[in-house]
Amino acid sequence: MGWRIIETSMHADLEKLLSMGKISPELAKKLDIMSPGRYCFHASWGAGKIVSWSLAAKKLVIDFESKSNHEVALEFAPRILEFIGANHFYAKRYEDAASMRDLAEKDPVALVRLVLEGFGNSLTPEKLEVALKGIIIDDPSWKNWWDKTRALLRTNVQFMMPARKGERIVLRAQNMTRAQAALEDYTKDKDLKQKVRILDVVKTDVLLQEPETLLSLISAIDKDVAGAGSSGLQQALELAVMRDTLIAAASEKGIAVPSPECTLESLVSANMGSISRFADIINVIPAVRQKRIYETLEPIFGDEWLQKALALFDASGARSVNELAKFLIEGGYEAQFIDHLQHKLVRQTLPAESLIWICRQRKDAAKKVFCMAVGSSMLSLIEQDHLDGGPSRTLRLKNIFIEDKSIIQEMIADRDVSDVRQFAKMLYGNSAFTEQERGAMMARILKLFPNLHSIVLDAIEDNSSKIEIIYVSAASMAAKKEELNELVNVKIPENRRNKMISRAEGDLRENGGYQDAKEVEKVLNRRRAELERAINRAQETDFKVTDTSSVSMGTKVVLRPNDGRPEVTYTILGAWDTDVEKHIVSYLSQVGVELIGKQVGDEVAIIPMEGGDKKTYTITAIMPAFPQE
């Protein structure tokens, strides 16, 4: 609350007291702000106009929007009120709210302009809502009105709309063309992410109408690309693609553009050293801009570009896997791409995202490679991930089996019953699925191969007498219990609240927040069941061993690669103790199963923890992981 300087003549009562020397000029100025006819604002009572005052009694009488002819003590007024000028929006709202309601219906953009002008040409959306909701626009109508008005404002060049919470809606000080506004918005913002968003909404043909503005914008983008640094690589790549698109459009119109300071090719070349990191960055770039990045690979790497592209595919995430596959196939490299997939499939080294892509494209681009081996690879990854500490990394693989009702039957169609039997055993024995999920999937197999029902009967008989115990460390058990506790007491209740809030917003069919909350609920409840089942079958152990004549839980194993590379040491611990960086493996993992029982001098063939193809090692030493003190 407080004072605002209002440029009007002083009230006659004050001029009289001032001429008589009963008050000082400073006090007169302060009192004049509160004289009859002036305006004020109270957070609860709304806008008001001072009707009268009594300087002797030190009281004001104010007519508020929601409280008429209310008395306020003169000494308290500056503490609880904001004194405003006649041009302030709240003063205008007080004098003519009816006209503003009419404006809200007929010309909402003009109403927002009026509000912004009353607040110095800028205001946060939250403050705008306070100014309009309840008095100018009814509470139930606010959301619908604001959604429509905001869309209109975004298309009006005179308004600069916020991209993040806390930013202001700004009314531009002068009239501008759309191209000039885009340049101003781009150069004023310091955030590279926001700069990308600004360019996303600018139409190229609008910029082409003003060559000088276009050239200035291209120059500004080029400087940002060159100065982005490694932390802004994603935005630098996007900005470089967008800049090159503008350059190409300008060249077609005969507009000469200076050569870029930092080319897209130089960016890609400098950052392809780490394929996995580069793949992670590309994965969050919109698909519409990925193709241009892939097009740089051949000019940069020459004859080796296809190998680089395939390595990038293997490391790619959900979004970029699809776009890179499309790029390779449309570019005429389908045969090489399919050969690569088949080679990796035979070795069971295809990553999860590649397998998901094959499943989704099984009737189209991946038709030649989709087979039962894809399902076997998926089951292996799911089981391995589960044994290594949880299904989070392969949850989408699990969901394909659970939710796609036809995929299993398509995998096994026209296959020999003996092959299907092995696949069915692998599926029904996969501990990552619940009993109910395994039963549902086996039912789909039995529709085509009814004589395989014995697999289910044998499994039921085997499981009826005992629950399979797994051995875990105290630390990993504590971590699992902590995760379960957070699920039960934090995440599930929080999602339930979010679901209730979203449900209250209206039409559930088009309510994205509600639908998201429902999907999250399924994931959380499924994870809770998995954790409870895992904890119930787990037994803590300290992994202290005295017999090191052969590999067992609680031992360190020194392995010498047979191809001459340096030795590596693996530590065999519990079901949930896997740590790739420390070379700690679960006794249930592929590596653990291969090593347990082996002795010094034995050879083993395993897939290294860092991935790749199987390699052969010779065991040179076995020692306790935790020596006795």
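- In this structure, the side chain of S377 engages the main chain of A373 through a donor-acceptor pair within 3.5 Å.
- Partners of D191 according to the salt bridge (charged side-chain N to carboxylate O under 4.0 Å, His left out) rule, which considers only residues two or more places apart in sequence or in another chain, are R164.
- Using a 4.0 Å cut-off between charged side-chain N and carboxylate O, E323 and R319 make no salt bridge.
- Taking the side-chain contact (heavy atoms from CB on, under 4.5 Å) definition, one finds that S406 meets it with R362, D404, E410, sequence neighbours left out.
- With rounding to the nearest 0.5 Å, the separation of NZ in K368 from CD in Q361 is 14.0 Å.
- Between H343 and T349, every side-chain heavy-atom pair lies at or beyond the 4.5 Å cut-off.
- Under the 3.5 Å distance criterion, the side-chain polar atoms of R438 are matched with a main-chain donor or acceptor of Y428.
- R528 pairs by the salt bridge (charged side-chain N to carboxylate O under 4.0 Å, His left out) definition with E532, not counting sequence neighbours.
- L397 is listed as a side-chain neighbour of L355, based on a closest heavy-atom distance under 4.5 Å.
- Considering only heavy atoms from C-beta on, M411 comes within 4.5 Å of F401 through its side chain.
- Here the side chains of R277 and L233 are in contact, with some heavy-atom distance below 4.5 Å.
- Residue pairs satisfying the side-chain hydrogen bond (donor to acceptor under 3.5 Å, both in side chains) criterion with at least one member in residues 252-261, sequence neighbours excluded, are absent.
- Side-chain atoms of E567 never come within 3.5 Å of backbone atoms of V558 as a donor-acceptor pair (strictly under, hydrogens ignored).
- To the nearest 0.5 angstrom, L350 atom CG is 9.0 Å from L381 atom CG.
- Counting non-hydrogen atoms of neighbouring residues, nucleotides and ligands closer than 6.0 angstrom, the CG atom of D416 exceeds 12 such neighbours.
- In terms of the side-chain contact (heavy atoms from CB on, under 4.5 Å) criterion, residue partners of R289 (sequence neighbours excluded) are, by chain and number, V196, D200, E238, V241, M242, I285, P286.
- With salt bridges taken as basic N to acidic carboxylate O contacts below 4.0 Å, none links K203 and D205.
- Nearest heavy-atom pair, V374 versus C359, reported as atom, atom and distance to 0.1 Å: CG1-SG, 4.1 Å.
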Q: Apply side-chain contact (heavy atoms from CB on, under 4.5 Å) to the pair K491 and R527, showing each step before the final yes or no.
A: CA-CA 11 Å; K491 292 184 177 180; R527 181 59 178 154; over 6 Å; no

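- Taking the charged nitrogens against the carboxylate oxygens, E603 and K598 have no contact shorter than 4.0 Å, which rules out a salt bridge.
- Between K344 atom NZ and D339 atom CG the span is 14.0 Å, to the nearest 0.5 Å.
- A 4.5 Å side-chain heavy-atom check between I619 and Q599 finds every atom pair outside the cut-off.
- Contacts classified as ring pair (Phe, Tyr, Trp, His ring centres under 6.0 Å) and involving residues 213-252 (residues at least two apart or in different chains) are not found.
- For the atom pair D563 CG and K615 NZ, the distance stands at 7.0 Å (nearest 0.5 Å).
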(Q) Does E334 form a side-chain contact (heavy atoms from CB on, under 4.5 Å) with L328? I'd like the steps, not just the answer. (A) CA-CA 6 Å; E334 180 180 8; L328 291 170; over 6 Å; no

Compile the donor-acceptor pairs under 3.5 Å between side chains in residues 206-218 and protein atoms, sequence neighbours left out, one pair per line.
unit_1	atom_1	unit_2	atom_2	d
E210	OE1	T177	OG1	3.3
E210	OE1	T213	OG1	3.3
E210	OE2	T177	OG1	2.7
S216	OG	E212	O	3.1

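- Under a 3.5 Å cut-off, the side chain of R197 and the backbone N or O of L192 do not form any donor-acceptor pair.
- Between L237 and V268, the shortest heavy-atom distance links the atoms CD2-CG2, 4.1 Å.
- The number of heavy atoms from other shown groups lying within 6.0 Å of CD (E403) is above 12.
- Between W576 and Y587, the distance from one ring center to the other does not fall under 6.0 angstrom.
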Q: Tell me, with the steps shown, if F337 and L324 meet side-chain contact (heavy atoms from CB on, under 4.5 Å).
A: CA-CA 10 Å; F337 177 51; L324 187 47; over 6 Å; no

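- A donor-acceptor pair under 3.5 Å is formed between the side chain of S380 and the backbone N or O of S376.
- A donor and an acceptor atom, one from each side chain of Q194 and Y186, are nowhere located under 3.5 Å apart.
- Judged as a side-chain contact (heavy atoms from CB on, under 4.5 Å), and not counting sequence neighbours, the contacts of D244 are I247, L264, R292.
- One finds the CZ atom of R565 at 10.5 Å from the CG atom of L559 (value rounded to the nearest 0.5 Å).
- Scanning all heavy atoms of the two residues, the minimum distance from A432 to I382 falls at CB-CG2, 3.4 Å.
- Here E383 contributes atom CD and M378 contributes atom CE; the two are 14.0 Å apart, rounded to the nearest 0.5 Å.
- Every residue two or more places apart in sequence or in another chain that forms a ring-ring contact (aromatic ring centres under 6.0 Å, His included) with F327 is listed here: Y294.
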Q.
If you apply the rule side-chain hydrogen bond (donor to acceptor under 3.5 Å, both in side chains), what do you find for D577 with S473, and how did you get there?
A. CA-CA 7 Å; D577 294 308; S473 66; 2.6 Å; yes

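- The two residues I221 and L239 come nearest to each other via the heavy atoms CG2-O, 3.5 Å.
- For the residue pair S586 and S589, the shortest heavy atom distance occurs at O-OG, 2.7 Å.
- Looking at T555, its side chain never comes within 3.5 Å of a backbone N or O of V551 through a donor-acceptor pair.
- S266 is linked by a side chain to side chain donor-acceptor pair (under 3.5 Å) to T263, counting only residues two or more places apart in sequence or in another chain.
- Within the 4.5 Å cutoff, side-chain heavy atoms of I407 are placed close to those of F370.
- Residues V225 and L267 have side chains in contact (heavy-atom distance under 4.5 Å, counting atoms from C-beta outward).
- For T571, the side-chain contact (heavy atoms from CB on, under 4.5 Å) partners at least two apart in sequence or on another chain are K556, L573, I584, A625.
- Residues V369 and L345 approach most closely at O-CD2, 3.8 Å, considering heavy atoms.
- With a 4.5 Å cut-off on side-chain heavy atoms, V202 and R178 do not count as touching.
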Side-chain donor-acceptor distances from residues 297-316 under 3.5 Å, at least two apart:
unit_1	atom_1	unit_2	atom_2	d
D314	OD1	H340	NE2	3.0
D314	OD2	H340	NE2	3.0
S316	OG	L312	O	2.5

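- No donor-acceptor pair under 3.5 Å is formed between the side chain of E486 and the backbone N or O of E483.
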(Q) For a side-chain contact (heavy atoms from CB on, under 4.5 Å) check, start with the C-alpha distance between T620 and V600, then their side-chain angles and the critical distance, and finish with the verdict. (A) CA-CA 5 Å; T620 60; V600 173; 5.6 Å; no

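- Under a 4.0 Å N-O distance rule, the pair K195/D224 qualifies as a salt bridge.
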